[in-house]
Amino acid sequence: MDESFSFGNFDVGVVVTAPPWYQNCYLVRHRPSGAQVIVDPGGDAERILAAAEAAGGGVAAIWLTHGHPDHIGAADAVQRALGVPCLAHADERPVIEGAERIAASLMGVRVQAPGACDYFEGTPSLALGGVPVRVVHTPGHTPGGVCYVFPGFALTGDTLFNHGVGRTDLPGGDGPALVASITRFLEDVPGETTLFSGHGPAWTAAEAAEWWRRVAMP
């Protein structure tokens, strides 16, 4: 585990994957029940599995914010090791199914897409340890990109970084849609919410909103 944080009854562990991705995989654990989810296992399956085992409790599922290769590279191995479902937005199916081709063409690396995904529609409410977790659909970086909003923190994937946003020049990217998604998201979450992104350090929603007003608003 590279870093860990606590928010009420939740612990958030960060595993930063190896080159070339340097991607943040998150292990979110509901402390009272021990239930965990692994969000965006982009690589280093053995390290991710070891971190989950060290945290204690059981892994309930893999959740994906989106389907780019750097976020799903270890999903198949983790899923096979644990026998748990892998969840993603239905609009992300073509991205996930094309991840192996994108990885080979852009980076010259081999990535194994998840063997099976359960696709959800819209913006459902999931749960961890009986606590509701809100799913916010944030298309733009990819068609089915989502953010997961827990009490006190959110996982934003590549929708929104600390002083940056996800690229929109890959298949399915849409710049205006991403601007609209980020604007809606930051209007919706409380300012004290800590935002954990797919790459780089965390920041607060208030910090993000102040920056976003400067760079995106007319």
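Quick note: residue numbers are just sequence positions, from 1.
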Got V12 and F153 here, is their nearest side-chain heavy-atom distance under 4.5 Å?
yes

Would you mind reporting whether L87 and I62 have side-chain heavy atoms less than 4.5 Å apart?
no

Side chain E53, main chain A50, donor-acceptor under 3.5 Å
no

Surrounding CD of E97 (heavy atoms of other residues, nucleotides or ligands, distance under 6.0 Å), is the total greater than 12?
yes

Just so I know, are the side chains of W21 and P69 near enough to count as touching, which here means a heavy-atom distance under 4.5 Å?
yes

Residues T65 and D40: side-chain donor-acceptor under 3.5 angstrom:
yes

Got a sec: does the OH of Y119 have more than 12 other heavy atoms crowding it under 6.0 Å?
yes

Would H141 and H68 satisfy ring pair (Phe, Tyr, Trp, His ring centres under 6.0 Å), going step by step from the backbone distance to the final call?
CA-CA 10 Å; H141 179 59; H68 279 159; 4.6 Å; yes

Treating Ile, Leu, Val, Met, Phe, Trp and Tyr as nodes and any side-chain heavy-atom pair under 4.5 angstrom as an edge, say whether L27 and V78 lie in one connected cluster.
yes

Of H71, Q23, R167, which meets side chain to side chain donor-acceptor pair (under 3.5 Å) against D158?
H71

Hey, does L160 have a side-chain heavy atom less than 4.5 Å from the side chain of L195?
yes

Do the non-hydrogen side-chain atoms of I96 and P114 ever get within less than 4.5 Å of each other?
yes

Treat each ILVMFWY residue as a node, draw an edge where side-chain heavy atoms are under 4.5 Å apart, and state whether V165 and V136 are in one component.
yes

Check whether L128 and I38 end up in the same hydrophobic cluster, where Ile, Leu, Val, Met, Phe, Trp and Tyr are linked by side-chain heavy atoms less than 4.5 Å apart.
no

Only one of Y26, F150, F161, F10 forms a ring-ring contact (aromatic ring centres under 6.0 Å, His included) with F196, so which one is it?
Y26

Test H89 against T138 for side chain to side chain contact (heavy atoms under 4.5 Å, CB included), laying out the working first.
CA-CA 10 Å; H89 195 282; T138 52; over 6 Å; no

Honestly curious: do V16 and M1 fall in one hydrophobic cluster under the side-chain, below-4.5 Å linking rule?
no

One pair to check against side chain to side chain contact (heavy atoms under 4.5 Å, CB included): L170 and T142. What are the steps and the verdict?
CA-CA 8 Å; L170 295 175; T142 62; over 6 Å; no

Measuring only between side-chain heavy atoms, which start at C-beta, is P143 closer than 4.5 Å to V95?
yes

Check: C25 and R47 side chains under 4.5 Å, non-hydrogen atoms:
no

Are W211 and F185 connected into the same hydrophobic cluster when the rule is that any two of I, L, V, M, F, W, Y join if their side-chain heavy atoms are below 4.5 Å apart?
yes

Which is it for T168 and D174 under the side chain to side chain contact (heavy atoms under 4.5 Å, CB included) test, yes or no, and what are the steps along the way?
CA-CA 6 Å; T168 57; D174 185 325; 6.0 Å; no

When you measure from the side chain of T183 to the backbone N and O of V179, does any donor-acceptor pair fall under 3.5 Å?
yes

Check step by step if side chain to side chain contact (heavy atoms under 4.5 Å, CB included) holds for I72 and L64.
CA-CA 8 Å; I72 70 167; L64 303 178; 3.8 Å; yes

